[in-house]
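Working notes for the structure below.
Letters A, B, ... are given to chains in the order of the sequence lines, protein chains preceding strands, and every chain is numbered from 1.
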2 protein chains.
Amino acid sequence: MSLPHPNLDQINLANVLSVLGDQTRLAVVGYLARNEGVAMSCGQFSEFGSKTNLSYHLAKLREAGITRTEVSGTSRLISLRRDDLDSRFPGLLDSIITAAQELPAFERLRDEA
Amino acid sequence: MSLPHPNLDQINLANVLSVLGDQTRLAVVGYLARNEGVAMSCGQFSEFGSKTNLSYHLAKLREAGITRTEVSGTSRLISLRRDDLDSRFPGLLDSIITAAQELPAFERLRDEA
DNA sequence: TCCTTAGTTCAAAATATATTGAACTATTGA
DNA sequence: TCAATAGTTCAATATATTTTGAACTAAGGA
């Protein structure tokens, strides 16, 4: 089972940028990037906001084509749509992730590691 | 004489992305990119919106640190802050500009050229 | 079966952003 | 000096986005 996701040609640059132009969502994406390959559920992001609010932001990311959300029992497994984004907008995701690692939310995570 | 611009360390990723996450502003940036080196005044962008509305969008671009605006007589000369953006967010501007050239507003411009 | 856990949905409120026209400033050229 | 040109500012409105809590669904374990 799977939630609705845009396909490649429905992914739109202005929309991707505006969805990423938000601290909370940028933090989520940075977190996903540094844990690529590891299954991430919504709960992992609780430090970034309330449950309801994260549900909203995670839906925005999914609807913009930035993340993929798979249903697994009562959880959702969330991952970056890296290949899709790389093929649609070469270099964009990498440059954003690199820059995002300098954000305050990340300095904190890095220090904890 | 010059209008207020943020300096390098005041340029913020989330803000840059959210400012670029708008069709009109993305079109302006794409236009600046394909005319780099040529002085651009506000009037050049009239096809992207009304005078008042462009004044608003161009101010957003300037305040985010994406463009530089120099006063020259009754005109403003607008340019991309390419070096600043490249040093702050390596690769970001290029990947956005490349992707932006595929946007409808650009297909039009390209066909006219 | 019943409780818990994980997350969603809804409607309301709060906040932010975009668009408009009218009035304005500043510079330039006649 | 006067008129025209280029662009800004302001206030109003329109529109979109974010945030919240309460009520909900659906799966999993005891």
Gap between atom [atom2] of [Y] and atom [atom1] of [X] - 0.5 Å precision:
| X | Y | atom1 | atom2 | answer |
| --- | --- | --- | --- | --- |
| A/Leu26 | B/Leu13 | CG | CG | 5.0 Å |
| B/Leu93 | B/Phe89 | CG | CZ | 11.0 Å |
| A/Leu80 | A/Ile78 | CG | CD1 | 10.5 Å |

Check the interface with nucleotides 14-18 of chain D: list each N/O to N/O pair with the protein under 3.5 Å, or write none.
from, atom 1, to, atom 2, distance (Å)
D/dT18, OP1, A/Arg25, NH1, 3.4
D/dT18, OP1, A/Arg25, NH2, 2.8
D/dT18, OP2, A/Arg25, NH1, 3.3
D/dT18, OP2, A/Tyr56, OH, 2.4

Testing B/Ile66, B/Leu92, B/Thr67 one by one against B/Leu85 for a side chain to side chain contact (heavy atoms under 4.5 Å, CB included), which residue passes?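 With B/Leu85 as partner, side chain to side chain contact (heavy atoms under 4.5 Å, CB included) holds for just one option, B/Ile66.
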Check: [X] side chain, [Y] main-chain N or O, donor-acceptor pair, under 3.5 Å:
| X | Y | value |
| --- | --- | --- |
| B/Gln10 | B/Asn7 | yes |
| A/Asn12 | A/Asn15 | yes |
| A/Gln101 | A/Thr98 | no |

Comparing B/Arg62 with A/Thr52, nearest DNA chain D nucleotide closer to 5' gives the residue B/Arg62
The complete set of side chain to side chain donor-acceptor pair (under 3.5 Å) pairs with one or both residues in residues 51-60 of chain B, sequence neighbours excluded, reads B/Arg25-B/His57
(message) Expressed as a whole number of angstroms, how long is the span from A/Leu3:CG to D/dT25:P?
(response)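 It is 17 Å, rounded to the nearest whole Å.
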message: Rounding to an integer number of Å, can you tell me how far B/Leu54 CG sits from D/dT8 C1'?
response: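 Atom-to-atom, B/Leu54 to D/dT8, this comes out as 13 Å.
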When you compare the protein's N or O atoms with those of nucleotides 5-7 of chain C, which come within less than 3.5 Å of each other, and at what distance?
from, atom 1, to, atom 2, distance (Å)
C/dA6, O4', A/Thr74, OG1, 3.1
C/dG7, OP1, A/Cys42, N, 2.9
C/dG7, OP2, A/Gly43, N, 3.1
C/dG7, N7, A/Lys51, NZ, 2.2

